[in-house]
Trainee: 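First the structure, then my questions, so here it is.
The figures that follow rest on heavy atoms only: side chains count, while hydrogens, waters and symmetry mates do not. Just so it is clear, the structure is predicted and the values come from calculations on it, not from any experiment.
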Number of protein chains: 4
Amino acid sequence: MQQIRTDLAIESSGAFSDIPGVQINCWDESGISVTDVIIESDSAAESVGKAKGSYLTFECEGVRNRDPEARSAVSNLLGEEIFRLLPPDETNAPIMVVGLGNRMVTPDALGPRCVDKTLVTRHLIQEMPDSVDSRLQSVCAIAPGVLGVTGLETIETVCALVKEIKPRCVIAIDSLAARSSKRVGVSVQLSDTGIQPGSGVGNHRKALTEEALGVKVIAIGMPTVVYAATIARDALSLLTESAEDDSALDEITKALFENEIGEMIVTPREVDDMIDDAAEMIASGVNQALQSALSTSEIDGFKK
Amino acid sequence: MQQIRTDLAIESSGAFSDIPGVQINCWDESGISVTDVIIESDSAAESVGKAKGSYLTFECEGVRNRDPEARSAVSNLLGEEIFRLLPPDETNAPIMVVGLGNRMVTPDALGPRCVDKTLVTRHLIQEMPDSVDSRLQSVCAIAPGVLGVTGLETIETVCALVKEIKPRCVIAIDSLAARSSKRVGVSVQLSDTGIQPGSGVGNHRKALTEEALGVKVIAIGMPTVVYAATIARDALSLLTESAEDDSALDEITKALFENEIGEMIVTPREVDDMIDDAAEMIASGVNQALQSALSTSEIDGFKK
Amino acid sequence: MQQIRTDLAIESSGAFSDIPGVQINCWDESGISVTDVIIESDSAAESVGKAKGSYLTFECEGVRNRDPEARSAVSNLLGEEIFRLLPPDETNAPIMVVGLGNRMVTPDALGPRCVDKTLVTRHLIQEMPDSVDSRLQSVCAIAPGVLGVTGLETIETVCALVKEIKPRCVIAIDSLAARSSKRVGVSVQLSDTGIQPGSGVGNHRKALTEEALGVKVIAIGMPTVVYAATIARDALSLLTESAEDDSALDEITKALFENEIGEMIVTPREVDDMIDDAAEMIASGVNQALQSALSTSEIDGFKK
Amino acid sequence: MQQIRTDLAIESSGAFSDIPGVQINCWDESGISVTDVIIESDSAAESVGKAKGSYLTFECEGVRNRDPEARSAVSNLLGEEIFRLLPPDETNAPIMVVGLGNRMVTPDALGPRCVDKTLVTRHLIQEMPDSVDSRLQSVCAIAPGVLGVTGLETIETVCALVKEIKPRCVIAIDSLAARSSKRVGVSVQLSDTGIQPGSGVGNHRKALTEEALGVKVIAIGMPTVVYAATIARDALSLLTESAEDDSALDEITKALFENEIGEMIVTPREVDDMIDDAAEMIASGVNQALQSALSTSEIDGFKK
C-alpha cells in the first residue's frame with residue numbers, strides 16, 4: 001500500500017473497514033454526504049497509517065460543478081463542525097489559524113489563501129477593547145511558508161508563535177493528496193488530530209499536534225492533487241483484480257515511473273480557479289465557526 | 001490509439017517508424033538531442049495523425065534540472081532553426097507572434113507569457129522610421145485569448161489581424177500535451193505546418209495554417225501536461241505487453257476514467273515555475289531569430 | 001489648463017459651466033449621485049476638450065468605503081443606463097466588449113479585468129443555437145493589449161475584429177485619470193462618444209469612435225489615478241487663488257516637476273484591491289445590460 | 001516638518017546639515033553616489049527624527065532607466081556594505097532575513113519579494129551537515145505579514161522567531177516612503193539601526209531593534225512611494241519660498257487634503273515592474289553578503 005499516497009482517512013481506511021478499532025459512520029446532511037472515520041486504538045492507527053482520532057469528510061457533488069449553493073452548504077456545515085471542536089473559551093485567548101503550504105505553488109497554496117480570507121480581530125480587540133464589537137472572538141492567522149523558501153520547519157515557526165501568543169487552539173489548513181481524482185477540489189476533511197508528518201502536497205515537516213504545541217490542533221484539508229503514480233497503480237490494480245499480486249504490481253509500477261513520473265501530480269487544468277474557490281469555501285466555514293455570534297453578512301461587513 | 005493524446009510528432013510517430021512516408025532523423029548539437037520527423041505523404045499524415053511537414057524536437061536533460069546553460073543552449077538552437085524557417089524579407093512586412101492559450105490557467109499560459117517577453121518593434125519602426133536602429137525587424141505580438149473567455153475562435157481573431165496587418169509570417173506558440181511525462185517542461189517542438197485543430201492543452205479551435213491565413217505559419221510548442229488518462233492507459237498497456245489487446249484495454253481505460261479523470265492533467269507540482277522558465281527560454285529563441293542582426297545583450301537592452 | 005489631465009467630462013466641464021453648448025444636469029437615484037454633462041456643439045467640445053455627446057457620471061460615497069450594497073446599486077444603475085444606449089437588436093449581431101489597457105500594469109488593468117468577468121455567449125449561440133437559452137444575447141469580449149506590448153495600435157486590432165465579427169455595438173472599458181483624488185476608484189463615467197486619443201492612464205492610441213469603426217461605441221471608464229503633476233498644480237492654484245496667475249503657475253509647476261514627477265501617478269496604496277473591486281462592479285453592470293432578460297443570479301449561474 | 005513623511009535619513013537630514021551631531025559624507029564608487037548620514041547624539045536623533053546610527057544611501061541614475069549594469073553595480077556595493085555590518089560569525093548561528101510589508105499590496109510587497117529571492121540554507125546545513133558545501137552560511141528568511149492580515153504585530157512574530165531560532169543577526173527589508181519622487185525605485189538605504197515605528201509605506205508596527213530583539217538588526221529599504229500630501233506640500237513650499245511661513249502652509253495643506261488625499265500615494269505607473277526589479281537588485285546584494293564565499297554564479301546555481 002505504501003505507494004498509494006493519500007491524506008484522506010476516508011480513503012486509507014477503505015481497505016480496512018473490518019479492522020477492529022476503526023469505526024466508519026456515514027450520513028447525509030443538507031445535501032452533503034458526511035463520513036466520520038474514527039480510529040480508536042493504536043493498532044488501528046498503525047494499520048490505517050493515520051493518528052488516533054476522528055476524521056470527518058464532507059462531500060458534495062455540486063461543489064465539483066461550482067454550484068454556489070452547494071459551496072455555501074459545505075461552508076455552513078463545516079463551520080458547525082469546527083465550532084463543535086473548539087475548546088471552551090475560558091481565557092479569552094485567541095485562536096490561531098495557520099495556513100500551511102507554499103503560496104507561490106498554485107496546487108499548494110490553499111492554506112495561505114485561506115489565511116488571506118480569514119477575519120482577523122486580535123489586533124482590534126487588543127488596541128481598542130472598549131470600542132470593538134464585544135461579540136468578536138480574538139483570531140490571528142499566519143502563513144508560515146515552507147522549508148525550502150524559509151529554511152525553517154513549519155513546526156519551528158508555529159511553535160515559536162504559540163509560545164509567544166498563547167492561543168487556546170490552532171486551526172491548521174493544508175492542501176492534501178487524494179487517491180481518487182473525484183475528490184480533488186471537492187472533499188473537505190476535518191479532524192481533531194493535528195497534522196502528521198508527510199501530509200500535504202509536499203514538504204511540510206514534522207507533526208503539528210497537541211503533543212508538540214501544547215494546545216489543541218484542529219486540521220482542515222482539501223485534496224488538490226492525486227499523485228501520478230497513484231493513478232497508474234490503480235489502473236494496474238484494477239486490471240489484475242488480485243490482492244495477492246501486490247508485489248508484482250509494485251515492481252511494475254516502480255519500473256514504469258522511475259525517473260519519469262517522479263513527483264508529478266494530477267490536477268484539474270483549471271487549478272487556479274479550483275484553489276480560489278476552495279479557499280473561499282473553507283475560509284467561510286472557519287469564519288462562521290470562529291465568529292459564531294455574527295451572521296455571515298456581518299462577517300462580510302468586517303472584511304474590508 | 002485515439003485515447004492517447006499527444007501533440008508531439010516525435011511521440012505519435014513512435015509507433016510508426018517503419019511507415020512509408022515518415023522519415024525520422026536524430027542528431028546531437030550543442031548537447032541537445034534533436035529529432036526531425038518529416039511526414040512526406042498524405043497517407044503518412046493520416047497514419048500518424050499529424051499534418052504533412054517537418055517537426056523538429058529539441059530535448060536537453062539540463063532543462064529539466066533548470067540548468068541555465070542548458071536553457072541558453074536550447075534558446076540559441078531554437079533561434080537558429082526558427083530563422084531558417086522564416087520566409088525571405090522582401091516586403092518589410094512585420095512578423096506576427098501569436099500566443100495561444102489562456103493566461104489565467106497556469107498550465108495553458110505558455111503562449112501569452114511568450115508574447116509578454118517578445119521584443120515588439122513594429123510601432124517603433126512605423127512611428128520613427130528614421131531614428132530607429134535600422135537592423136530591427138518589424139515584429140508585433142498578440143495573445144488572442146481562448147474561446148470560453150472571448151467568445152471568438154482563435155482563428156477568427158488571427159485571421160482578422162492578418163488581413164489588417166499583412167504580416168509576412170505568423171509564429172504561433174502554444175502549450176502542448178505529451179504522452180510521456182519526461183517531456184513535460186523539457187521538449188520544444190518546432191514545425192512549419194501551423195497549428196492543427198484539437199492541439200494544445202484545451203480548447204483552441206480550428207487550424208492556424210498557411211491555407212487558412214494566406215501566410216506561412218511556424219508553430220512552436222512545449223508540452224506542459226500529460227492527460228491523466230494517458231498515464232493510466234500506458235500503465236495498462238505495459239502490463240499486458242500485447243498489441244492485440246488494444247480493444248480490451250480501451251474498455252478498461254474507459255471504465256476506469258469515466259466521470260473521474262475527465263480532463264484531469266498530469267503536471268509538475270511547480271507548474272508556475274515551469275511556465276515562467278519555458279516562456280523565458282522560448283521567447284529568447286524567438287527574439288534571436290526575429291532580430292538576427294542583434295546580439296542577445298542588444299535584445300535585452302531593447303526590452304525595458 | 002493643459003497640464004491638468006482629466007478624462008472625466010464632469011471635471012473638465014467644471015470651469016465652463018456657463019459656456020453655451022454645455023448642459024449639466026445632476027440628480028440622485030438609489031443613493032447615487034448622477035451627473036449628465038451634455039456637450040452639444042463643436043465649439044463647446046473644443047472649449048471643454050471632449051467630443052460632442054453625453055457623459056453620465058455615477059458617484060457614491062459607499063463605493064469608496066467598499067460597501068457591497070453601494071457597489072450593487074452602482075452596478076444596477078450603470079446596467080440600466082448602458083441598456084438605454086444599446087442600439088436596437090435587429091440583426092442578432094453580437095455586442096463586442098473591448099477591455100483597453102495593460103493587464104500587467106495594475107493601475108491600467110481595469111479594462112482587461114472587466115473582459116475576464118464579462119459573460120461571453122457568442123460561441124455558445126453559434127455552436128448550439130437550438131439548445132442554448134433563447135434569452136441570451138450574443139456577446140464577445142477581447143483585451144487587445146497596449147501598443148508597447150503588441151506593436152499594434154488598439155484601433156488597428158479593434159478595427160480588424162469589427163470587420164470580421166460585425167458586432168452591432170462596441171463597449172470599450174478603460175482606466176481613466178481624474179483631477180480630483182476623491183474620484184479615484186469611485187466615479188464611473190458612461191458616454192456615447194467612444195474613446196478619444198490620449199485618454200486613459202497611458203498610451204492607448206487613436207480614437208475608438210463610431211466614425212472610425214462604423215458601429216456605435218459606448219465608453220465606460222473609472223479613474224484609477226490622478227497625475228502627480230495635477231496634485232501639485234492644484235495645490236499651487238489654491239494658494240494663489242487667482243485665475244490670472246495661470247502662466248506663472250505653469251512656469252513653477254513645470255520647474256518643479258521636470259525630470260522628477262514625470263509620469264508619476266497618485267493612487268491608493270491598495271491599488272490591487274481597488275482594481276479588483278472596480279472590475280467586479282463595472283462588469284456586473286455590463287452583464288446586466290447585455291443580458292437584460294436574465295436575473296443577476298441567472299447571470300452568475302452562467303459564469304463557470 | 002511633521003507632514004512631510006520620509007523614511008530616508010538623507011532627506012530628513014537635509015534641512016539640518018549644520019546641526020551638531022549629524023555628520024554627512026558623500027562619495028562616488030563604481031558610478032554610484034553614496035551618502036553616509038551619521039547621527040551621533042540623542043539630541044541630533046531627536047532633531048532629525050531618526051534613531052542614532054549610520055544610514056548609507058546608494059543612488060544611481062542608471063537604476064531609474066532599468067540599466068542592468070547599474071543594477072548589478074548597486075547589488076555588488078550593497079553586498080559589500082551589508083557584509084561589513086554583519087557581526088562576526090562565532091557561533092554558526094544563522095542569519096535571519098525578514099521581509100516586512102504586505103505581499104498582496106504591490107507598493108508594499110518589496111520585503112516579501114526579497115524573501116522569495118533570498119538563498120536559504122539553514123535547513124540544508126541542519127539536515128545534511130556533512131554533504132553540504134562547507135562555505136555556505138546558514139540563512140533563513142520569513143515574511144511575517146502585516147497586522148491587518150495576521151492580527152499579529154510584526155515585532156511579536158519576529159521576536160518569537162528570534163527566541164526560537166537564535167539568529168546572530170536580523171536583516172529587515174522594507175518598502176519606504178520618500179519625500180522626493182526621483183528617489184522612488186532608485187535609492188537604497190542601509191542602516192545599522194533597525195526599523196523604527198511608523199516607517200514603511202504603512203502599518204508596520206513597533207521597533208525592530210537590537211534593544212527589542214537582543215540581536216543586531218540591519219535595515220535595508222527602498223522608497224516605493226511618496227505620500228501625495230508631500231507632493232502638494234512641497235509645491236506650496238516652493239511657491240512661498242519662506243521658511244517662516246510654515247504654519248500657514250500647514251493650514252492650507254491640511255485644508256487641501258483632508259478627506260481627499262488621505263493615504264493616497266505617488267508611484268510610477270509601472271509599479272509592478274518597479275517592485276520586481278527592486279527585489280531582484282536588493283536580494284542579490286543580500287545573497288552576496290550572506291554567502292560571501294560564493295561567486296554570484298554559484299549563488300544562482302543554488303537557487304532552484
Trainee: Applying side chain to side chain donor-acceptor pair (under 3.5 Å), name anything that partners A:R113, two or more places apart in sequence or on another chain.
Mentor: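 With neighbours one apart ignored, the set is A:D276.
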Trainee: Any idea which heavy atoms bring B:M264 and A:V266 closest together, and the distance?
Mentor: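 Closest approach of B:M264 to A:V266, heavy atoms only: CB-CG1, 3.7 Å.
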Trainee: Is B:V226 in contact with chain A via its backbone, its side chain, both, or neither, using a 4.5 Å heavy-atom distance?
Mentor: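 Answer is neither: B:V226 stays 4.5 Å or more from chain A.
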Trainee: With a cut-off of 6.0 Å (strictly less than), are more than 12 heavy atoms of other residues, nucleotides or ligands near CD of B:E69?
Mentor: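 Not buried by this count: 12 neighbours or fewer within 6.0 Å.
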Trainee: At their closest point, which heavy atom of B:R269 faces which heavy atom of A:I265, and how far apart are they?
Mentor: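 Heavy atoms only, the tightest pair is CA-CD1, 3.8 Å.
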Trainee: With a 3.5 Å distance limit and no angle check, can you tell me whether B:D272 reaches the backbone of A:T106 through a side-chain donor-acceptor pair?
Mentor: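 At least one qualifying donor-acceptor pair exists.
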